[in-house]
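Step one of this worksheet: look at the structure below.
By convention in this document, chain letters (A, B, ...) are assigned in the order of the sequence lines, proteins followed by strands, and residues within each chain are numbered from 1.
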Protein chains: 2
Amino acid sequence: MKRNTWQREAVRSALGTQMGFVSAQALHSSLKGTGSQIGLATVYRALADLAQEGEADSLQSPEGEALYRACSLAHHHHLICRSCGLTVEIEADEVEAWAQRTASLHGFSRPEHVVDIFGFCSACVPPVAAELP
Amino acid sequence: MKRNTWQREAVRSALGTQMGFVSAQALHSSLKGTGSQIGLATVYRALADLAQEGEADSLQSPEGEALYRACSLAHHHHLICRSCGLTVEIEADEVEAWAQRTASLHGFSRPEHVVDIFGFCSACVPPVAAELP
DNA sequence: TAGCTAATTGATAATGATTTTCAAAATCAA
DNA sequence: TTGATTTTGAAAATCATTATCAATTAGCTA
């Protein structure tokens with residue numbers, strides 16, 4: 001049976017206070033920073049549980065880290081600045097519908113899609129100007 | 001100056017014979033399997049180069065591995081079976097346009113989007129039937 | 001063709017995220 | 001409270017990927 005521990009609550013609540021996506025490492029540091037004595041392994045376990053129970057969204061950053069975010073109600077998509085990390089929540093009904101349609105069109109079930117756009121926000125100029133047309 | 005080595009050719013050619021996405025590790029094993037003495041670090045470097053030069057596409061698997069695939073010409077999206085690895089190339093003009101539009105709408109430049117759908121193909125039944133409605 | 005020089009290789013060590021281990025601590029039902 | 005069972009957490013183990021650096025090699029150039 002699943003038990004309720006202050007650690008799990010701490011992770012759930014800490015995740016709720018974050019605005020964007022956080023890595024397990026970052027969340028752990030954040031918790032430690034507020035005086036919590038929670039262990040890193042526990043944070044990983046709690047996040048994995050939350051994600052499985054649908055209480056958290058997760059995605060892979062381009063650097064290969066797993067990022068988590070408290071899941072409000074709907075499924076969202078993001079526009080993430082590669083430089084400053086600014087995250088803009090975007091409407092993706094269009095993509096949502098397309099993903100469902102495309103998956104079932106090819107006979108795929110239980111589709112989970114990853115639709116995130118990484119770029120440079122207006123405040124962060126592209127680092128390699130020579131690459132631009 | 002960039003030089004042509006049999007190692008780089010081996011990676012390029014090995015990538016070309018793969019049908020779907022492969023990890024660097026897998027490609028290295030595959031090369032070793034055919035008698036090549038290429039080193040793992042070199043495979044990583046060659047793949048990174050190919051991806052940067054636009055000769056290969058790369059994406060992050062949900063497990064956090066970087067996957068590569070020989071890039072034909074256009075930018076494609078994929079429908080990938082979590083169980084058997086079957087990869088279906090999908091048309092995503094709709095999403096392509098949406099990504100561009102959304103990025104610039106929010107002032108983002110040089111957008112790179114990740115649009116991939118992971119699910120279970122018709123041949124692979126969902127492992128957890130209880131989760132379905 | 002021989003020699004030069006900078007780019008490339010690869011074995012290995014280093015890194016960094018994530019997972020496993022397992023004994024000790026905590027939870028929950030009775 | 002007791003006791004069975006789950007959960008925790010520090011440290012070790014994994015795993016993919018990157019950095020190191022001496023030895024090798026590609027591509028000039030004489």
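With rounding to the nearest 0.5 angstrom, the OG1 atom of B:Thr42 is 9.0 Å from the CZ atom of B:Arg8.
In this structure, A:Ile38 atom CD1 and C:dA25 atom P are separated by 18 Å, rounded to whole Å. One atom, CD of B:Gln37, and another, C1' of D:dA23, lie 17 Å apart when rounded to the nearest Å. Going from atom CG of B:Leu67 over to atom P of D:dA16 covers 12 Å, rounded to whole Å. As rounded to whole Å, 15 Å separates atom C1' of D:dT5 from atom CG of A:Asn4. Rounded to whole angstrom, the span from the CG atom of A:Leu47 across to the P atom of D:dT8 amounts to 12 Å. Across the protein-nucleic acid pair, B:Leu40 atom CG and C:dA14 atom P stand 17 Å apart, rounded to whole Å. For B:Lys2 and C:dT9, the NZ to P distance is 11 Å, given to the nearest whole Å.
B:Ser29 contributes a side-chain N or O that, together with a main-chain N or O of B:Gln25, makes up a donor-acceptor pair within less than 3.5 Å. Remark: side-chain polar atoms of A:His28 are paired, donor with acceptor, to backbone N or O of A:Ile38 under 3.5 angstrom.
The side chain of A:Gln7 places an N or O atom within less than 4.0 Å of a non-bridging phosphate oxygen (OP1 or OP2) of D:dG9. Considering only side-chain N and O atoms, B:Tyr44 lies under 4.0 angstrom from the phosphate OP1 or OP2 of D:dT17. For C:dT27, the OP1/OP2 oxygens have no side-chain nitrogen or oxygen of A:Thr5 closer than 4.0 Å. Between D:dA16 and B:Ser23, no contact under 4.0 Å exists linking OP1 or OP2 to a side-chain N or O.
Two residues, A:Gln25 and A:Arg45, neighbour DNA chain C, and the one matched to the more 5' nucleotide by heavy-atom proximity is A:Gln25. Mapping A:Ala41 and B:Arg3 onto DNA chain C by nearest heavy atom places B:Arg3 closer to the 5' end of the strand.
The shortest distance between side-chain heavy atoms of B:Asn4 and B:Glu9 does not fall below 4.5 Å.
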